[in-house]
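Structure record follows, encoded as structure tokens.
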Amino acid sequence: MKIMHISGIARNICRCGDDGIRWAGYKRGAGLLALGLLSYGLIPSEGMKYLWKRRSRKKGRDGGEVKRLYLTFDDGPHREYTGQLLDLLGEYRIKASFFVVAEFALRNPELIRRMKEEGHLVGIHSVGHKNALFRGRSFIRRDLEQSAAALEKMGCDIRYYRPPWGHLNLWTLFYCRRMNLKLIFWDVMAHDWSAKETAASIKEKILRRIFPGAVICLHDGRGEAGAPKRTVEALRSALPVLIKRGYTFERMDAYGR
């Protein structure tokens with residue numbers, strides 16, 4: 001009996017040991033998976049945004065930038081709001097850069113035509129505003145190629161790409177290089193897509209956060225509760241202030257010159 005009892009205890013110890021080894025294997029696997037995800041999407045995304053902002057701030061601090069700003073707009077074109085925005089920019093003879101969603105562009109080709117005719121830069125912002133952070137190779141290639149093809153058929157020379165939310169991965173970097181696309185991020189965000197923001201709060205954030213050489217990211221499409229309308233209203237009052245402060249405006253193809 002004692003021998004059987006000892007044998008049973010030994011089996012239980014072995015079983016517990018196997019479970020411990022198995023659990024350690026699970027943890028190791030989970031750790032490797034997390035490291036892989038970080039390396040694949042999160043580190044490239046956050047790293048590229050960090051380097052962009054660090055370079056911009058350094059140029060501003062070192063006096064390497066004149067009082068120039070870069071107005072950029074994402075998520076359009078919107079049938080109602082983009083037209084209003086183009087009217088406002090035209091009043092001040094400001095040239096901006098529009099990073100358009102291909103699906104929206106195909107629905108509103110007349111707005112893309114107007115952007116070109118009025119001297120604005122047109123870049124791409126994906127086919128349907130999908131998050132690319134953990135997407136695979138085929139999705140990234142298809143998204144970039146279809147976006148560029150749709151806009152090129154409208155006569156646009158596509159050389160610039162801003163990923164939705166600034167999210168990308170290693171395949172994004174690979175295909176941007178292969179397609180000669182320059183990645184564009186931002187320095188100033190006013191959270192103008194949020195229903196919590198008002199035209200006054202958007203204006204205040206823009207005026208407080210800008211610096212010489214800053215790339216300002218705003219939105220002429222999507223957003224919450226008619227958000228682009230508030231963006232246009234904010235700019236209507238912010239632009240005269242910025243101009244009075246001595247700022248001028250350029251397209252992204254003049255960035256870094």
Side-chain angles (χ1 to χ4, degrees), residues 69-131 147 150-151 154 156 160 162-167 184-210 214-245 247-252:
L69 297 172
Y70 302 86
L71 276 175
T72 70
F73 300 93
D74 291 358
D75 295 2
H78 187 281
R79 184 170 298 276
E80 179 181 358
Y81 302 123
T82 301
Q84 295 176 15
L85 177 59
L86 289 169
D87 290 342
L88 178 61
L89 295 174
E91 289 178 27
Y92 291 95
R93 298 182 180 179
I94 291 172
K95 307 304 179 189
S97 302
F98 289 83
F99 294 93
V100 304
V101 177
E103 288 181 353
F104 302 158
L106 291 169
R107 295 176 202 165
N108 301 284
E110 71 284 356
L111 289 171
I112 302 299
R113 191 179 310 116
R114 185 177 169 190
M115 290 174 189
K116 290 172 49 194
E117 291 173 351
E118 296 179 9
H120 302 290
L121 181 146
V122 179
I124 55 175
H125 195 51
S126 81
V127 171
H129 206 273
K130 303 295 184 184
N131 193 331
S147 297
L151 273 298
M154 298 182 195
C156 299
Y160 299 89
R162 176 180 279 157
W165 300 285
H167 288 172
I184 302 297
F185 294 97
W186 59 87
D187 303 304
V188 176
M189 186 81 76
H191 306 100
D192 57 323
W193 67 84
S194 173
K196 297 178 182 179
E197 300 295 336
T198 64
S201 69
I202 295 167
K203 172 188 175 183
E204 186 274 333
K205 287 181 178 180
I206 293 171
L207 296 180
R208 176 166 50 87
R209 295 176 179 178
I210 55 102
V215 176
I216 304 169
C217 178
L218 298 168
H219 299 77
D220 61 314
R222 301 178 78 249
E224 302 171 350
K229 180 179 180 181
R230 297 189 292 277
T231 299
V232 175
E233 292 173 357
L235 283 174
R236 194 175 300 280
S237 56
L239 290 178
V241 177
L242 292 170
I243 292 169
K244 189 173 181 179
R245 290 183 184 179
Y247 281 102
T248 59
F249 300 87
E250 296 281 357
R251 308 185 334 169
M252 286 308 303

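- With sequence neighbours excluded, the residues satisfying side chain to side chain donor-acceptor pair (under 3.5 Å) with His167 are Asn131.
- Within a 6.0 Å radius of CZ in Arg208, other residues, nucleotides and ligands contribute more than 12 heavy atoms.
- Two residues are said to be in side-chain contact when any heavy atoms from C-beta on lie closer than 4.5 Å; Lys229 and Tyr81 meet this criterion.
- You'll find the side chain of Tyr92 reaches within 4.5 Å of the side chain of Ile243, heavy atoms only.
- Residues passing the salt bridge (Lys or Arg N to Asp or Glu O under 4.0 Å) test with Arg162, sequence neighbours excluded: Asp74.
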Would you tabulate the side-chain donor-acceptor contacts of residues 216-226 under 3.5 Å, counting partners in other chains and residues two or more places apart, or write 'none'?
{"from": "His219", "atom 1": "ND1", "to": "Asp192", "atom 2": "OD1", "distance (Å)": "2.8"}
{"from": "Asp220", "atom 1": "OD1", "to": "Gly76", "atom 2": "N", "distance (Å)": "3.4"}
{"from": "Asp220", "atom 1": "OD2", "to": "Thr82", "atom 2": "OG1", "distance (Å)": "2.7"}
{"from": "Arg222", "atom 1": "NH1", "to": "His129", "atom 2": "ND1", "distance (Å)": "3.4"}
{"from": "Glu224", "atom 1": "OE1", "to": "Ala195", "atom 2": "N", "distance (Å)": "2.8"}

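- For the side-chain contact (heavy atoms from CB on, under 4.5 Å) test with Phe99, the passing option among Val122, Asp75, Ile184 is Ile184; the others fail.
- Partners of Glu103 under the salt bridge (Lys or Arg N to Asp or Glu O under 4.0 Å) rule, at least two apart in sequence or in another chain, do not exist in this structure.
- The CD1 atom of Ile206 sits 9.5 Å away from atom CD1 of Ile210, with the distance rounded to the nearest 0.5 Å.
- Within the model, atoms CD of Glu250 and CD1 of Ile94 stand 11.0 Å from one another, a figure rounded to the nearest 0.5 Å.
- The OG1 atom of Thr248 sits 8.0 Å away from atom OH of Tyr70, with the distance rounded to the nearest 0.5 Å.
- The distance from the CD atom of Glu118 to the CZ atom of Arg93 is 12.5 Å, given to the nearest 0.5 Å.
- Here the side chains of Phe73 and Leu89 are in contact, with some heavy-atom distance below 4.5 Å.
- With sequence neighbours excluded, the residues satisfying side chain to side chain contact (heavy atoms under 4.5 Å, CB included) with Arg236 are Leu88, Glu91, Val232.
- Within the model, atoms CE of Met115 and CZ of Phe98 stand 5.0 Å from one another, a figure rounded to the nearest 0.5 Å.
- Side-chain N or O atoms of Arg209 include none that pairs as donor or acceptor with a backbone N or O of Asp187 at under 3.5 Å.
- Using a 4.0 Å cut-off between a side-chain N of Lys or Arg and a carboxylate O of Asp or Glu, Glu117 and Arg113 do not qualify as a salt bridge.
- Summarising the local packing, NZ of Lys116 is surrounded by more than 12 heavy atoms from other residues, nucleotides or ligands at distances under 6.0 Å.
- Looking only at distances, a side-chain donor or acceptor of Arg251 sits under 3.5 Å from a matching main-chain atom of Gly119.
- At distances below 3.5 Å, at least one donor-acceptor pair connects side-chain atoms of Arg245 with backbone N or O atoms of Leu207.
- For Glu197, the salt bridge (Lys or Arg N to Asp or Glu O under 4.0 Å) criterion is met by Lys205, not counting sequence neighbours.
- Contact of the Ser237 side chain with the Lys203 side chain is registered, since non-hydrogen atoms from C-beta on lie closer than 4.5 Å.
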